[in-house]
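The structure appears right after this line, and notes come after that.
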Amino acid sequence: MPAPEHMHAAYVESLGGVDAIRYGLLPVPRCGPGDVLLRVEAVAVDNVDTFVRSGRFRTEVTFPFVIGRDVVGTVVDRGADVTAPNIGDRVWCNSLGHDGRQGPTSEYTTAPVERVYSLPAGVDPVVAVAVAHPAATAHLALYTHAGLRAVDTVFVAGGAGHVGSALTAMAARSGASVLASARAQDHEWCRSAGAAQVFDYAAPDLLEQLRAAAPNGVDVLVDTSGRLYLSDALELLALRGRIVVMAGMDRKLECRAGDLYPRDRSLLGFAISNATTDELAEAARHVTTLLADGVLRPRHIEELPLSAAGEAHRRLEAGEARGTRLVLRPDN
Ligand SMILES: NC(=O)c1ccc[n+]([C@@H]2O[C@H](COP(=O)([O-])OP(=O)(O)OC[C@H]3O[C@@H](n4cnc5c(N)ncnc54)[C@H](OP(=O)(O)O)[C@@H]3O)[C@@H](O)[C@H]2O)c1
């Protein structure tokens, strides 16, 4: 069935607060020569979507700007230069909505073909879209930036979160020994994701417990909470250990240079928005394989209609979605 002229979309006319989100009709976008047009099945709501919408994360946007980043959809049209995927194929994309690209919180969306990946048969589109962003982030942290090896001991601070769960599952699957921190009620979840040992992040003797669990030090430490003190992280780190900083934008990081370079330790920061299309495609291959194998699981998903995009942003910003992935689906 050909795409209609107009579609429902959640969009903003200028960057700002959540009240700026409108839900209404916009023209269905047209494919450029290297694009595919997708009929949207599911869209995730990520923290970064709120950062882009509010202007906190600076990136090129054009108005009206359709919000969002991650989508699963079916190809309904393709540009003249596109030879694959085929019309009718189900694909996913996790890099719309920044760098001049429109987001996908709409009934149809275009995506550059080099940014879309096949979704294997049997993988639930809602699960796939829920996992895409945290899992691709985890891949970039562990493999692209920290160079994870099977012999490594990894500490995931915030192990029960969306990114933390994916970090744990991936690192454990790679053969690394994973330590994670979480609140007590989430320990079982972290263990089920693959953590060998889980620690209460609020325990006053957390550092002592972690040092006892990893007497030779931690090789890779990823803080998904943005709340770990850098000096504490360095106390845990092995010779040649790597700390990955990926959250806590406004947090000051302070340490003694002597705790870093004389032990060949590195501090690595990254944002998925800077990943190249090759890096994203490599992460996507890994994520797709683990999705097909059932290794990547979201903790809890709540489905909402596209028209509830504003409410979803509000809840995420208010911290009311703890442990839950909000996924938007076309209203009918
Ligand atoms: N750099 C990038 O490219 C990139 C990509 C994706 C996400 N991010 C950022 O990464 C962060 C995590 O994202 P997410 O989706 O995984 O969020 P999330 O699901 O909220 O995970 C954060 C986790 O940190 C835990 N936590 C809170 N305080 C802690 C503490 N003091 N010590 C250890 N853990 C603590 C939380 O536990 P409770 O639930 O018990 O509070 C939660 O499980 C966000 O800030 C997000 O913006 C960055």
Side-chain angles (χ1 to χ4, degrees), residues 44-54 56-57 59 69-70 94-95 97-99 129-146 155-170 179-190 193 195 198-204 206-207 209-210 218 221-230 232-233 236 243-251 253 267-276 279-280 283 287 296-302 312-313 315-327:
V45 185
D46 298 317
N47 286 304
V48 70
D49 302 346
T50 69
F51 300 158
V52 172
R53 185 219 74 229
S54 64
R56 196 162 172 230
F57 179 84
T59 187
R69 175 174 293 225
D70 305 331
N94 62 335
S95 53
H98 65 106
D99 264 351
V129 89
V131 157
H133 186 68
T137 302
H139 174 97
L140 293 170
L142 292 174
Y143 305 94
T144 312
H145 295 284
F155 173 47
V156 181
H162 305 303
V163 180
S165 304
L167 284 164
T168 301
M170 278 185 180
L179 313 177
S181 68
R183 65 170 77 189
Q185 73 213 58
D186 291 337
H187 286 199
E188 192 42 49
W189 168 259
C190 294
V198 191
F199 304 85
D200 182 350
Y201 62 65
L206 175 65
L207 279 190
Q209 290 186 43
L210 286 163
V218 165
L221 188 158
V222 190
D223 178 22
T224 74
S225 74
R227 296 186 190 186
L228 204 64
Y229 289 103
L230 181 55
D232 289 352
L236 297 171
I243 295 175
V244 181
V245 181
M246 47 150 292
M249 254 199 281
D250 300 321
R251 192 169 176 88
L253 297 178
L267 195 57
L268 306 161
F270 84 99
I272 191 170
S273 303
N274 302 322
T276 64
E279 287 168 344
L280 288 173
V287 170
L296 292 171
R297 294 171 297 137
R299 255 175 78 183
H300 179 245
I301 295 175
E302 185 179 334
H313 273 223
R315 282 175 56 189
L316 204 59
E317 286 181 325
E320 292 173 11
R322 197 188 91 77
T324 297
R325 282 291 273 160
L326 301 176
V327 172

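Both ligands and their constituent atoms are indexed starting at 1 by order of listing. We count residues from 1, following the sequence as given.
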Does Ala157 offer a backbone N or O that forms a donor-acceptor pair with the side chain of Thr224 under 3.5 Å?
yes
Give the protein residues with at least one non-hydrogen atom closer than 4.0 Å to an atom of ligand 1, ordered by chain and number.
Asn47, Phe51, His133, Thr137, Gly158, Ala160, Gly161, His162, Val163, Ser181, Arg183, Tyr201, Thr224, Ser225, Arg227, Met246, Ala247, Phe270, Ala271, Ile272, Arg322
Over 12 foreign heavy atoms within 6.0 Å of CZ, Phe270:
yes
Does a side-chain N-to-carboxylate-O contact under 4.0 Å join Asp223 and Arg251?
no
Ion pair present between Glu302 and Arg315, side-chain N to carboxylate O less than 4.0 angstrom?
yes
Stepwise, does the side chain to side chain donor-acceptor pair (under 3.5 Å) test hold for Thr50 with His313?
CA-CA 6 Å; Thr50 69; His313 273 223; 5.7 Å; no
Ile272: which of His98, Arg69, Glu279 passes side chain to side chain contact (heavy atoms under 4.5 Å, CB included)
Arg69
